[in-house]
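Take a look at the structure set out below.
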Amino acid sequence: MITTNSNKGKIQHFVLFWLKPQLTQVEIQNFANFFESLRPIKLIKSLHYGLAANTPARAVTDNSFTYSLSITFDNIEDHNAYQEDKIHLDAVEKFSNNWYRVVVHDTFIS
């Protein structure tokens with residue numbers, strides 16, 4: 001793993017969600033309310049989400065997830081404060097029964 005000592009710059013918070021297979025199509029669509037409930041958090045600079053695309057199979061492509069979420073923060077401090085934000089914590093509590101796996105990638109971006 002390549003790392004730097006720099007903790008400066010914007011943060012991209014990229015999250016993959018695998019929803020439980022027993023959910024109905026309506027429940028899967030309604031899961032978008034999880035992402036929408038995060039929008040009022042003032043620390044968030046941009047928020048995008050969507051269902052996995054049905055792109056052609058390739059050795060480097062993983063379409064096994066259900067939803068992805070991408071949030072941009074101005075800095076690491078805002079990212080860290082978001083993790084403890086009541087709106088975020090309440091949304092996780094409300095919707096976490098819908099997923100069986102979550103993977104997070106946090107990246108410094110330019």
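- Residues Phe31 and Phe17 bring their aromatic ring centres within 6.0 Å.
- We find the NZ-CG distance between Lys20 and Asn98 to be 7.0 Å, quoted to the nearest 0.5 Å.
- Two residues are said to be in side-chain contact when any heavy atoms from C-beta on lie closer than 4.5 Å; Arg39 and Ile44 fail this criterion.
- Phe95 and Val92 fall within a single hydrophobic cluster, where Ile, Leu, Val, Met, Phe, Trp and Tyr side chains are chained together by heavy-atom contacts under 4.5 Å.
- A 6.0 Å sphere centred on CD of Gln83 holds more than 12 heavy atoms belonging to other residues, nucleotides or ligands.
- Taking 4.5 Å as the limit, some side-chain heavy atom of Leu38 sits within range of a side-chain heavy atom of His88.
- You'll find the side chain of Phe14 stays beyond 4.5 Å of the side chain of Thr107, heavy atoms only.
- Within the 4.5 Å cutoff, no side-chain heavy atoms of Asp78 are placed close to those of Ile11.
- A pairwise comparison of heavy atoms in Val103 and Trp18 identifies CG2-CZ3, 3.5 Å as the closest pair.
- The side-chain heavy atoms of Leu51 and Gln29, taken from C-beta on, include a pair separated by under 4.5 Å.
- Through side-chain heavy atoms spaced under 4.5 Å, either directly or across other Ile, Leu, Val, Met, Phe, Trp or Tyr residues, Val60 is tied to no other residue.
- Annotation: Lys94, atom NZ; neighbour count of heavy atoms from other residues, nucleotides and ligands within 6.0 Å does not exceed 12.
- The shortest non-hydrogen separation linking Tyr67 to Ile28 is OH-O, 3.1 Å.
- Tracing side-chain contacts under 4.5 Å through hydrophobic residues (I, L, V, M, F, W, Y), one never reaches Val26 starting from Trp99; they form parts of separate clusters.
- Looking at heavy atoms from C-beta onward, Asp62 lies out of side-chain contact with Leu16 at the 4.5 angstrom threshold.
- The main-chain N or O of Ala91 is never found under 3.5 Å from a side-chain atom of Ser37 such that the two would form a donor-acceptor pair.
- Under a hydrophobic clustering in which Ile, Leu, Val, Met, Phe, Trp and Tyr are joined whenever their side-chain heavy atoms come within less than 4.5 Å, directly or via other members, Val102 and Leu89 fall into different clusters.
- With rounding to the nearest 0.5 Å, the separation of NE2 in His13 from OG in Ser46 is 12.0 Å.
- A continuous path of ILVMFWY side-chain contacts below 4.5 Å connects Val15 to Leu43, so both sit in one hydrophobic cluster.
- In terms of modelled atom types and a separation under 3.5 Å, the side chain of Asn63 and the main chain of Ala53 share a donor-acceptor contact.
- Pairing each heavy atom of Leu23 with each of Glu27, the nearest pair is CA-OE1, 3.2 Å.
- The two residues Phe65 and Ala52 make their nearest non-hydrogen contact at O-CB, 3.2 Å.
- Checked against the 6.0 Å centroid criterion, the rings of Phe34 and Tyr49 do not qualify as a close aromatic pair.
- Side-chain heavy atoms closer than 4.5 Å link hydrophobic residues (I, L, V, M, F, W, Y) into clusters, and following such links, even through other members, never connects Ile109 to Phe73.
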